[in-house]
Amino acid sequence: MRIPHIILVPNMSKLEKTQSGRKLLYGLTAIFDSPEKLVHAAETVVKEGYKDYDAYSPYPIHGLDTAMKLKRSMIGVVTLVVGLTGGTLLVLFTWWTNSIDYPLFIGGKPLFSWPSYVPLTFEMTVLFGAVSTVTALLVVWLGLPRNSHPLQDTEFMKKVSDDKFGLAIEAKDANFDERQTKYLLEKLGAVEVDPVYYEARELTLKETVLDPKFIGAIVVVAVAVSGATYFGFNKMLLMRPWSSLNEQAKVLPETKSEFYPDGFAMRPPVKGTVARGEMPYRYASNIPGAEKYMKNPILPTKRVMLVGQRDFNIYCSPCHGYFAEGDSRLQGQFPVPPSLHIDSLVTAPDGLYYEVITNGFQGVMPSYARQIPRDERWAIIWYIRALQKAQNPGEVAEAK
Amino acid sequence: MSEVSYGEVIDYTKAPPLVEGNPTLSKIDESIAKPMEKFPSRKYFMALSVTLTMLLIGAVALGYTFYYGIGMWGNNIPVGWAFDITNFVFWIGIGHAGTLISAVLFLFRQRWRTGIARFAEAMTIFAVMCAGLFPLIHLGRPWYAAFVFPLPTQHGVWINWNSPLIWDVFAVSTYFTVSLMFWYIGLIPDLATMRDRTTNKFKKMIYSVLSMGWRFSNKHWQHYEKVYVILAGLATPLVLSVHSIVSFDFAVSILPGWHTTIFPPYFVAGAIFSGFGMVMTALIIVRKVFNLEYIITADHLDKMAKVTLVVSMMVAYAYVLEPFIAWYSGDPVDWFLVLMRATGHYAFGFWVMVSCNVFIPQLLWFRKIRRNIGVLFVISLLINVGMWLERYIIIVTSLYRDFLPSSWHIYVPTLTDFGILIGSFGLFFTLVLLFARTLPVISMSEVKGVTEGAHPSHHLGAEHE
């Protein structure tokens, strides 16, 4: 005989309602007024061979388990297995996230520095163990929540939940016989023995989980929660005061400053400010002879030569050609510069090149002062010198 | 039930009864259920209006904080952690006594815990709720709090598992979950009793849903008791781990005054100490307001006072060891900090802290004082003050003088800071009062189990599992 699960709260007084419907016998309940009598009764009932019975008491009574010959509770296995699983999962997860998926280097420690993970492994073991044990107890071991049990809301239940001790023998037990069982219970010292009935209707009740109302309620809750989440993250956070991260007192690119009369947010530097890595050019543009007073301040190391080569190829080669031979790639769309290998330029001091790069030349070659930092200009000059030597090997021999 | 009469002669070979006056089982139900069944007295509403006012002050202060930002607080650089983290550590500590009473004393089979365990557990939960609030509001923009959890985001980066702050998040949330379940499991039988007692239809529905159809069946009790032991066994190391991890927030950094290995045990002892102080404060009020003097007896308070005295001396040991290590290490910065604590800007707070936590609890050596409820109440309040100050001193004095003299800065709390602190007390006591009115403050089923004659005599002594 299967008694259906009904999660909702049942009617308050079952017996009254059953008057009209068909009543089915659940079993006999007996009330005792002391724990000793209950333990004794349980012992006897077991001896008589009853199986479908249970003892009820307002608090757990010592010795009742042995009297009822109950097997040891094995629920601890759940704690152990799920707890250890939780700890293991944590270790695997932390290892994967911080060492594999997005490696995080912290304080020069190895990627998987296990001492850091000990506290969390412990916490997760406890969390998984506790949650699983409680859930398993309530749902699997005790079959709760269940407010539809025939004993629910009976006078019997009211007494055992207060100060009496009860025993119930179910009608489905093989040994059950209403008259004999009642006699046995009375002989054991029960103060009251009562039959408990339930409605036949309850056997045919459908599972409430599939009730359209219940499903409807779940859908409503789901829509409400997701709607609120959407609103929260996409709308609410953009309103005041949550929007304080977005609404800051700053001038965004391409907008006018309300504060400065000239409308610029960026202030011009104080007069005479020298940028890092820069030296102002000492001479007014195109003072003849100034070149004689400038010397190349950096040494022709390999790195300097490479920088010079790079910059020359970028900035100078379009007009002057890769080897400074004046073979412009501009196809005559721009005045073609002379070769830098002519004698007057080979013998010209470095200062002249510097002057030309900085200020341009005769209004035809533009100034490169904005594009090329000071040191790189000198590097280009080293590179031009190297090109010149490469084009006039005789001089190299001479230099040796 | 066997009637035991003591007569005139007191039997000193026997421990005093856990429940005074040997009441009948239904008398126990009646007096525990009374606050829930009767319309509350004027005293109750007066208390509630005070706590709600405090809560409101807190709400206003929080509103200010969220609207204008945490600039409303006194925090500065270098004192970036001040009232907020002080309150966090304080409230977490309060919670620990609840677990200690309900789980650790349960494992040690200290049956005197039954009268106070439920209340202490509830306090744990409320205290952890208050505590959890502070790291949240400390963010300034609490709606971004979800980033403390390992969520996959488009940035691709995960949280840093090496950070004690992350351990903290997991420890505190685990602690809250486990405490809540422990509390709820204990409540189920009592909720079922309330379900069967009440005549109000609405209340009946609520109690029925919450008690899930518990039937007091012995086949259920058997597994239930096993689970209770397991949960107690899990909660005991958990409670030690939680405050150790809270202390890692400090000890794992390299700041003088924080970077010490004594911090984990020191914090755990401090937590238990402050928690016992708070449990005593609240219990003394509750037993008076709801006339539960014969269930929460002077013996209970006496025993709690003894535990308090023991932990007070552990705390004292830590206080002595800190300067010793600073001196012994020969680190001038550490030693400077010790001097700053005792003589600097916060010296007054420091000495109040030492008096409240070390000197005043020494009075508990005397039995007369342990049994004088009024004096005990005052001492318990002073312990609360002292322990709050302890966290304040640890946090603020270490920060306001760090390695670089150029970054030294005094911290002065603002009105908003105090508002939030008051608000957290308001929240805590409002929850306590609502709890006392809606749920059984004392475990009915457990108290029934420790009355005289609750168990068949020939089975007595044989504790079953």
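Here is how names work: the chains are called A, B, and so on, in the same order as the sequence lines, proteins then strands, and each is numbered from 1.
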Heavy-atom cut-off 4.5 Å, strictly under: side chain, backbone, both or neither for [X] against chain A?
X: B:N162; answer: both
X: B:P237; answer: both
X: B:F66; answer: backbone
X: B:I159; answer: backbone
X: B:Y144; answer: side chain
X: B:L234; answer: both

When heavy-atom pairs shorter than 4.5 Å are enumerated against chain A, which of [options] gives the highest number?
options: B:F170, B:Y67, B:W143; value: B:W143
options: B:R215, B:M181, B:R195; value: B:R215
options: B:I166, B:D190, B:L231; value: B:L231

Within this structure, what is the [atom1]-[atom2] distance for the pair [X] and [Y], rounded to the nearest 0.5 Å?
X: A:D162; Y: B:K448; atom1: CG; atom2: NZ; value: 5.5 Å
X: B:Q222; Y: A:W141; atom1: CD; atom2: CH2; value: 11.5 Å
X: B:T193; Y: A:K158; atom1: OG1; atom2: NZ; value: 12.5 Å
X: A:E123; Y: B:T174; atom1: CD; atom2: OG1; value: 5.0 Å
X: A:L151; Y: B:S217; atom1: CG; atom2: OG; value: 9.5 Å
X: B:S443; Y: A:Y59; atom1: OG; atom2: OH; value: 13.0 Å

Practice prompt. For B:W161 and A:W95, run side-chain contact (heavy atoms from CB on, under 4.5 Å): C-alpha distance rounded to whole Å, both residues' side-chain angles, the deciding distance at 0.1 Å, then the answer.
Written response: CA-CA 9 Å; B:W161 297 105; A:W95 165 72; over 6 Å; no
Note: B:D29 and A:S161 closest approach over all heavy atoms is OD2-O, 3.9 Å
Taking atom types as modelled and ignoring hydrogens, do the side chains of [X] and [Y] form a donor-acceptor contact shorter than 3.5 angstrom?
X: B:S208; Y: A:N147; value: no
X: A:N98; Y: B:W158; value: no
X: A:D54; Y: B:N218; value: no

Side chains of [X] and [Y]: closer than 4.5 Å at any heavy-atom pair?
X: B:K226; Y: A:M74; value: no
X: B:Y224; Y: A:P60; value: no
X: A:V126; Y: B:Y175; value: no

Applying a strict 4.5 Å limit to non-hydrogen atoms, the region of A:M157 in contact with chain B is both
So, the part of A:M124 with a heavy atom under 4.5 Å from chain B: the answer is side chain
Is it true that the NZ or CZ of A:K159 lies under 6.0 Å from the centre of B:F216's six-membered ring and within 45 degrees of the ring axis?
no
Checking heavy-atom separations under 4.5 Å from chain B, one finds in residues 111-121 of chain A A:S113, A:S116, A:Y117, A:P119, A:L120
Heavy-atom pairs under 4.5 Å with chain B, option from [options] with the top count:
options: A:T94, A:L104, A:V134; value: A:T94
options: A:A168, A:G232, A:P58; value: A:P58
options: A:L127, A:L237, A:T97, A:T133; value: A:T97
options: A:I75, A:V78, A:T125, A:V160; value: A:I75

Are there over 12 heavy-atom neighbours, none belonging to [X], within less than 6.0 Å of that residue's [atom1]?
X: A:I100; atom1: CD1; value: yes
X: B:Y64; atom1: OH; value: no
X: A:K51; atom1: NZ; value: no

Item to complete: Walk me through it: do A:L138 and B:I188 pass the test side-chain contact (heavy atoms from CB on, under 4.5 Å)?
Response: CA-CA 10 Å; A:L138 293 177; B:I188 288 179; 3.8 Å; yes
Carboxylate-amine/guanidinium contact A:D153 B:K204, below 4.0 Å: yes
